[in-house]
Number of protein chains: 2
Amino acid sequence: MPGHELDETDHHLLRLLQADGRRTFSEMAPEVGLSVAAVKRRVDRMRESGVITGFTVQVDHAKLGWGIEAFTELRYAGTTSVKEILASASRTPEVQAVFTIAGDLDALVHMRVRDINHLQEVIDRLRGSGKVIGTRTLMVLGSWTRDD
Amino acid sequence: MPGHELDETDHHLLRLLQADGRRTFSEMAPEVGLSVAAVKRRVDRMRESGVITGFTVQVDHAKLGWGIEAFTELRYAGTTSVKEILASASRTPEVQAVFTIAGDLDALVHMRVRDINHLQEVIDRLRGSGKVIGTRTLMVLGSWTRDD
DNA sequence: TATGAAATGTTCGAACT
DNA sequence: AGTTCGAACATTTCATA
């Protein structure tokens with residue numbers, strides 16, 4: 001149920017909000033060639049239809065002392081349900097995101113830790129908790145994210 | 001150069017903004033027990049010190065027709081520099097993020113595509129462009145992200 | 001260095017056209 | 001989709017500790 005198709009103006013508004021999520025309606029209105037009220041109605045509509053799921057602040061985690069980022073691939077025992085996988089991984093506070101995966105492995109976990117010792121400890125915790133039968137960790141040296 | 005250490009109030013403000021990046025200063029002020037002006041000054045300071053790198057809108061990409069998410073591990077020829085890796089991967093519009101990795105592989109690429117054919121096409125494009133000597137793709141079936 | 005209060009200008013939000 | 005207008009908000013200034 002797509003509700004409404006988005007037109008080019010909606011996409012323009014999304015781009016503006018992706019670059020600065022606190023941009024005001026008054027600021028965006030002239031950029032898209034509409035009145036303030038029309039901009040607000042479009043953003044409200046995208047919120048209601050679920051296209052916009054929220055707004056958030058972007059943080060430099062390294063400056064908060066979480067300098068190391070890693071991905072760990074997890075293999076689970078054959079009897080483990082997706083629900084269990086998500087539950088056990090999300091219980092670990094260092095885990096930022098969990099992706100369940102098609103194919104020979106079962107989950108890819110994105111985590112942030114303070115240092116190498118901490119990384120070791122979290123991996124051990126993941127291996128110990130539940131039905132994990134194998135892991136492979138990729139330590140992130142650098143990253144680039146599309147500036148939407 | 002950390003500039004300033006963050007106190008518990010700053011962390012509280014970050015949590016509030018992570019949950020809703022458009023929350024107003026007037027709304028946050030009573031929650032952290034400060035005046036509106038003090039809250040604004042703290043947020044401004046975290047922006048200036050680089051702890052806060054920006055604000056953005058969160059979008060449901062599936063509703064925009066980019067229903068498939070995948071991670072592709074890339075191996076590059078030994079002579080390839082990190083700069084080249086980031087450049088070639090970021091040139092592909094479907095790529096959302098590139099992580100350079102320690103160890104036997106060289107990069108992990110996060111991508112969003114419309115469908116399986118599109119995924120195949122993007123992988124071929126990555127393999128063709130530059131010095132990629134091997135890939136392994138993990139298709140995402142489901143995901144969970146910490147609701148900071 | 002950090003704060004609160006007050007003054008000013010801006011933006012929002014809900015009418016209605 | 002635009003316009004209007006009272007309320008809410010942001011931002012600057014000033015005084016204080």
Side-chain angles (χ1 to χ4, degrees), chain A residues 1-67 114 145 147-148, chain B residues 1-66 145 147-148:
Chain A
M1 51 189 94
H4 301 277
E5 275 301 296
L6 302 187
D7 63 14
E8 184 43 49
T9 302
D10 291 318
H11 280 101
H12 193 174
L13 290 172
L14 282 181
R15 268 183 268 120
L16 293 174
L17 288 171
Q18 268 159 353
D20 179 4
R22 282 179 83 90
R23 191 161 292 180
T24 63
F25 298 140
S26 330
E27 201 178 344
M28 293 187 284
E31 301 197 58
V32 300
L34 286 176
S35 71
V36 175
V39 169
K40 173 180 161 45
R41 279 192 286 259
R42 279 172 181 264
V43 173
D44 285 348
R45 178 152 34 82
M46 287 192 281
R47 259 182 189 277
E48 281 154 27
S49 68
V51 169
I52 290 177
T53 59
F55 293 87
T56 194
V57 64
Q58 295 166 308
V59 167
D60 183 340
H61 292 88
K63 295 211 171 165
L64 294 178
W66 297 72
R114 286 185 294 274
T145 303
D147 48 310
D148 289 306
Chain B
M1 51 192 86
H4 301 277
E5 274 301 295
L6 301 187
D7 63 13
E8 184 43 50
T9 303
D10 290 319
H11 281 100
H12 193 174
L13 289 172
L14 282 181
R15 282 195 301 276
L16 293 173
L17 287 171
Q18 267 159 354
D20 179 4
R22 281 181 82 91
R23 191 163 291 178
T24 63
F25 298 140
S26 331
E27 199 179 345
M28 292 187 285
E31 302 196 56
V32 299
L34 286 176
S35 70
V36 174
V39 169
K40 173 179 162 39
R41 279 189 291 258
R42 280 171 179 265
V43 173
D44 285 348
R45 178 156 35 81
M46 288 192 282
R47 259 180 187 278
E48 280 153 28
S49 69
V51 169
I52 290 177
T53 59
F55 293 86
T56 194
V57 64
Q58 295 166 307
V59 167
D60 182 341
H61 293 88
K63 294 212 171 165
L64 294 178
W66 297 73
T145 302
D147 48 311
D148 288 305

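In what follows, chains are A, B, ... by sequence order, proteins preceding strands, each numbered from 1.
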| query | Do NZ/NE/NH1/NH2 and the carboxylate oxygens of A:Glu8 and A:Arg15 come within less than 4.0 Å? | reply | yes
Quick one, [X] and [Y] - any side-chain contact, counting heavy atoms below 4.5 Å?
{"X": "A:Met46", "Y": "B:Val59", "answer": "no"}
{"X": "B:Val43", "Y": "A:Val57", "answer": "no"}
{"X": "B:Thr53", "Y": "A:Lys63", "answer": "no"}
{"X": "B:Leu64", "Y": "A:Leu14", "answer": "yes"}
{"X": "A:Asp7", "Y": "A:Asp10", "answer": "yes"}

| Can any side-chain N or O of A:Arg22 pair as donor or acceptor with the backbone N or O of B:Gly54 at less than 3.5 Å? | no
| Main-chain N/O of B:Gly21 paired to A:Thr56 side chain as donor or acceptor, under 3.5 Å | no
| field | Rounded (10°) bend between the five-pair end axes of the helix from C:dT1-D:dA17 to C:dT17-D:dA1 | value | 30°
| query | Below 4.0 angstrom from OP1 or OP2 of C:dG13, is there any side-chain N or O of A:Lys40? | reply | yes
| task | Determine whether any donor atom in the side chain of A:Arg41 lies under 3.5 Å from an acceptor atom in the base of C:dG13, or the reverse, and answer yes or no. | result | no
| field | Contact list for DNA chain C against residues 21-37 of chain B - heavy-atom distance below 4.0 Å | value | B:Leu34, B:Ser35, B:Ala37
| query | What is the distance from CZ of A:Arg47 to P of C:dC12, rounded to the nearest Å? | reply | 13 Å
| field | B:Asp44 CG to D:dA10 C1', straight-line distance once rounded to whole Å | value | 10 Å
